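A quick write-up on the structure given underneath.
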Protein chains: 2
Amino acid sequence: MPNYKLLLEYDGSHFFGWQVQPGLRTVQGELEEAVHTLTKERVRIQCAGRTDRGVHALGQVANFRLNAEWPPEKIHHALNGITGKDIAVLQVDMVSDDFHARFDARARQYIYFLSLRPVAVGRQYTFFCKFDLDLDAMEEAAGHLYGEHHFEAFAQKDPDEQHYLSRIEDIEWIREGERIGFRIRANRFLHNMVRLIMGTLIQVGRGKISPQEFKDILASRSRNHIGFKAPAHGLFLEKVYY
Amino acid sequence: MPNYKLLLEYDGSHFFGWQVQPGLRTVQGELEEAVHTLTKERVRIQCAGRTDRGVHALGQVANFRLNAEWPPEKIHHALNGITGKDIAVLQVDMVSDDFHARFDARARQYIYFLSLRPVAVGRQYTFFCKFDLDLDAMEEAAGHLYGEHHFEAFAQKDPDEQHYLSRIEDIEWIREGERIGFRIRANRFLHNMVRLIMGTLIQVGRGKISPQEFKDILASRSRNHIGFKAPAHGLFLEKVYY
């Protein structure tokens, strides 16, 4: 069966997340419907990182199999034509039969955008944080995330998870005036992990938690701390590594 | 009378432009209402460059006078609180009594964003042009705009205009992969000028008009050509120079 790999950008504002849910508009649902409209085949599209409601993607990767073979350019063009304008299919490739967008991904990279001043243009894509933030303290705290840790402190509980281990491979801060970007790459992200980390880093920035306390929170493997979940609309799945 | 200068960012998507119109949501109307809510005074807010419906601003400048004196920070904070999230007041200063946002402006700078591929994130702020474009030809054509010209060929007719002279002071092209920015600074912009220039440059990019023909169109001082008006949502008033 021909296997197709998609590179996707989407604006999560008006989606109930990636995953199909009956009666709700989701990215997966809209793409699967579009594939059906084009090919008359019912497919299941797998993605590398399931995004929650309101979370955006700049470089989501997904794949699906068809019975009939279609030229990738045809699928590319048709999906862009059929799906809403808040999904942009950037690339379609035919890939080897064993490629799986999720299982084969080596690492995912997310970026969270914060603004220290009210934003009008692009407010759908940035969390305006009205507090003064000590960015150096936030960077220091985030430095403790590098390497492999158990992330119970920064993950939503999930009885299906076998473990909460994740290896943080890279962190990068972007400071452009009052616009801040926090980029994080890991082999694996737990549910709500980036938003919980960001919400807790904001508490560090406000002076409510010290960088050392942030480190202790991580080591505690417990959610009993004052961090909050930063809002979805600042978060982007930026890139998937294979 | 205390005179206040505002630096404004706004997302024009949901405004019927800058200028007050009865029964319609406009940037000027929303700001004037907010000043009234705060101060109980009815003011007229003047801006440096009136933007049309759907056009955005990153650095619009405006001013208004009050009878009573209010601390600028108070006005700043209150206007951001009262106006919709698609207006961000970036700065409020008390300025000398004779300052006028429009008459004192030396130059205005606009930027137009084009994308050569479908865009999901930020599609409200970029015109997706589905044609292949020869960007070098477009740059060459735009080079003919430098200096002082009569812009009848790239302006909406207006019986109130005394003349269509404008001096183009600077042009800059930004090419970031498939995202293109066209930045233009002039002492004065006629109505729809940037959008008509951009629409005609796109015809150059498509090979429908040569750079030399673009130059001839400008010199013709006539709108009888195949250029079109590029859509509003790619256009930003970026900066005002005093």
Side-chain angles (χ1 to χ4, degrees), chain A residues 6-15 18 27 30-31 34 51 54-60 73 76-92 111 113 115-128 130 176-179 231 233-239, chain B residues 6-15 18 27 30-31 34 51 54-60 73 76-92 111 113 115-128 130 176-179 231 233-239:
Chain A
L6 306 176
L7 181 65
L8 302 167
E9 176 181 300
Y10 49 84
D11 177 334
S13 306
H14 304 296
F15 288 105
W18 167 268
V27 181
E30 185 134 333
L31 286 166
T51 49
V55 175
H56 317 289
L58 295 170
Q60 173 74 280
E73 321 77 62
H76 187 173
H77 193 77
L79 293 190
N80 271 327
I82 299 167
T83 57
K85 290 193 171 179
D86 40 5
I87 297 180
V89 179
L90 305 184
Q91 207 176 314
V92 179
I111 187 160
F113 289 109
S115 173
L116 305 181
R117 59 125 170 126
V119 173
V121 172
R123 68 196 176 289
Q124 311 89 332
Y125 308 121
T126 304
F127 171 45
F128 163 47
K130 64 184 174 184
E176 289 172 353
E178 287 160 307
R179 305 227 185 195
H233 71 281
L235 184 60
F236 291 76
L237 173 55
E238 194 181 20
K239 200 174 169 177
Chain B
L6 306 177
L7 181 65
L8 302 167
E9 176 180 299
Y10 50 84
D11 177 334
S13 307
H14 304 294
F15 288 106
W18 167 268
V27 182
E30 186 135 331
L31 286 166
T51 49
V55 175
H56 317 287
L58 295 170
Q60 173 73 282
E73 319 78 63
H76 187 173
H77 193 78
L79 293 189
N80 272 327
I82 299 166
T83 58
K85 289 193 173 180
D86 42 2
I87 297 180
V89 179
L90 304 185
Q91 206 176 315
V92 179
I111 188 160
F113 289 108
S115 174
L116 305 181
R117 58 123 170 129
V119 174
V121 171
R123 70 197 175 285
Q124 312 88 333
Y125 308 121
T126 304
F127 170 45
F128 162 47
K130 64 183 172 184
E176 288 171 354
E178 288 162 305
R179 306 227 185 194
H233 70 281
L235 184 59
F236 291 78
L237 172 55
E238 193 181 21
K239 198 171 169 182

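What you see is a predicted model; the values in this text were computed from it and never measured. Letters A, B, ... are given to chains in the order of the sequence lines, protein chains preceding strands, and every chain is numbered from 1. Hydrogens, waters and symmetry mates play no part in the numbers below; they use all other heavy atoms, side chains included.
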Check your understanding: What is the ring orientation for B:H233 with B:F127, classed by angle as parallel under 30°, tilted 30 to 60°, or perpendicular over 60°?
Key -> perpendicular

Side chain, backbone, both or neither: which part of [X] has a non-hydrogen atom closer than 4.5 Å to chain A?
X      : result
B:F128 : neither
B:N80  : side chain
B:L8   : neither

Point to revise | Carboxylate-amine/guanidinium contact B:E9 A:R123, below 4.0 Å | key: no

Revision key, fill the gap. If you tally heavy-atom pairs under 4.5 Å between each of B:V89, B:I87, B:D86 and chain A, the highest tally belongs to B:D86

Exercise for review: Measure from the side-chain N and O atoms of A:H56 to the backbone N and O of A:Q124, and report whether any donor-acceptor pair falls under 3.5 Å.
Suggested key: yes

Check your understanding: Any chance the side chains of A:T51 and A:Y10 put a donor and an acceptor closer than 3.5 Å?
Key -> yes

